[in-house]
Amino acid sequence: AQSVTQLGSHVSVSEGALVLLRCNYSSSVPPYLFWYVQYPNQGLQLLLKYTTGATLVKGINGFEAEFKKSETSFHLTKPSAHMSDAAEYFCAVSGPYGQNFVFGPGTRLSVLP
Amino acid sequence: SQTIHQWPATLVQPVGSPLSLECTVEGTSNPNLYWYRQAAGRGLQLLFYSVGIGQISSEVPQNLSASRPQDRQFILSSKKLLLSDSGFYLCAFAPDNLYEQYFGPGTRLTVT
């Protein structure tokens, strides 16, 4: 079975500062990992995914995440926050082939001017 | 390209009334389909998923039901709504050859 924890239900950063959203997972099989973003009153949008291969994955809107097996982590980063990055971010894990897809509780990102 | 549609976008229903939310997918065949609920200020709760026509798995027992009458159509229903059914309902699909899920725009349901 898979599970996901996201440290910090709410993170605030200043515009232009580094964004770091934490995600740790638990999986009994090699995990597939995902980050989604949700703007108010909208559906979730896939930011990036890790399945196999390169452990540093780049996504849309300048975000990237690194899969660290030894730390069971998949933290999301962006070098410079923009006001438009303010949203809810969800980390998710699944087994190979997408089974047992599990979402984390989410982290709300606020960007301060 | 693959797209997903949900309607209605918003819905206000009285307690005890029926519910029908519809989701359709275009541009892919034999997708896995999902219904999630998101209560205010909370995360995603998986309600139902389907791997094929007529195949529905329920994750949480409640007064909701789901059906998949066609390959790319997924319907969420209730015979009698409760106040606790209020929330943001999201439909998602996973294409046959991919593992990630893609979400529709959601339906905001308010039960009064």
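Naming: A, B, ... by sequence-line order, numbering from 1 per chain.
- When ring centroids are compared, Y49(B) and F101(A) stay outside the 6.0 Å threshold.
- Taken together through direct or relayed side-chain contacts under 4.5 Å among Ile, Leu, Val, Met, Phe, Trp and Tyr, F63(A) and F103(B) form parts of separate hydrophobic clusters.
- Under the 4.5 Å side-chain heavy-atom criterion for ILVMFWY residues, a single connected hydrophobic cluster contains both V111(A) and L76(A).
- Residue with the most contacts toward chain A among Y34(B), Y102(B), Y36(B): Y36(B) (heavy-atom pairs, distance under 4.5 Å).
- Around CG of L112(A), the count of heavy atoms belonging to other residues, nucleotides or ligands within 6.0 Å exceeds 12.
- Going from atom CG of L44(A) over to atom CD of E100(B) covers 13.5 Å, rounded to the nearest 0.5 Å.
- No path of Ile, Leu, Val, Met, Phe, Trp and Tyr side chains, each step under 4.5 Å between heavy atoms, connects L64(B) with I75(B), placing them in separate hydrophobic clusters.
- Heavy atoms of E88(A) lying under 4.5 Å from chain B are absent altogether.
- No other option in L90(B), I4(B), T10(B), L44(B) has as many heavy-atom pairs under 4.5 Å with chain A as L44(B).
- Two different hydrophobic clusters hold F67(A) and L56(A) under the rule that ILVMFWY side chains link at heavy-atom gaps under 4.5 Å.
- A tilted orientation is assigned to the rings of Y99(B) and Y32(A), their planes being inclined by 30° to 60°.
- Between K49(A) atom NZ and Q101(B) atom CD the span is 12.5 Å, to the nearest 0.5 Å.
- Transitive grouping of hydrophobic side chains (ILVMFWY, heavy atoms separated by less than 4.5 Å) keeps V37(A) and F34(A) in distinct clusters.
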Steps toward side-chain contact (heavy atoms from CB on, under 4.5 Å) verdict (Q38(A), F88(B)):
CA-CA 12 Å; Q38(A) 184 182 31; F88(B) 193 49; 3.7 Å; yes
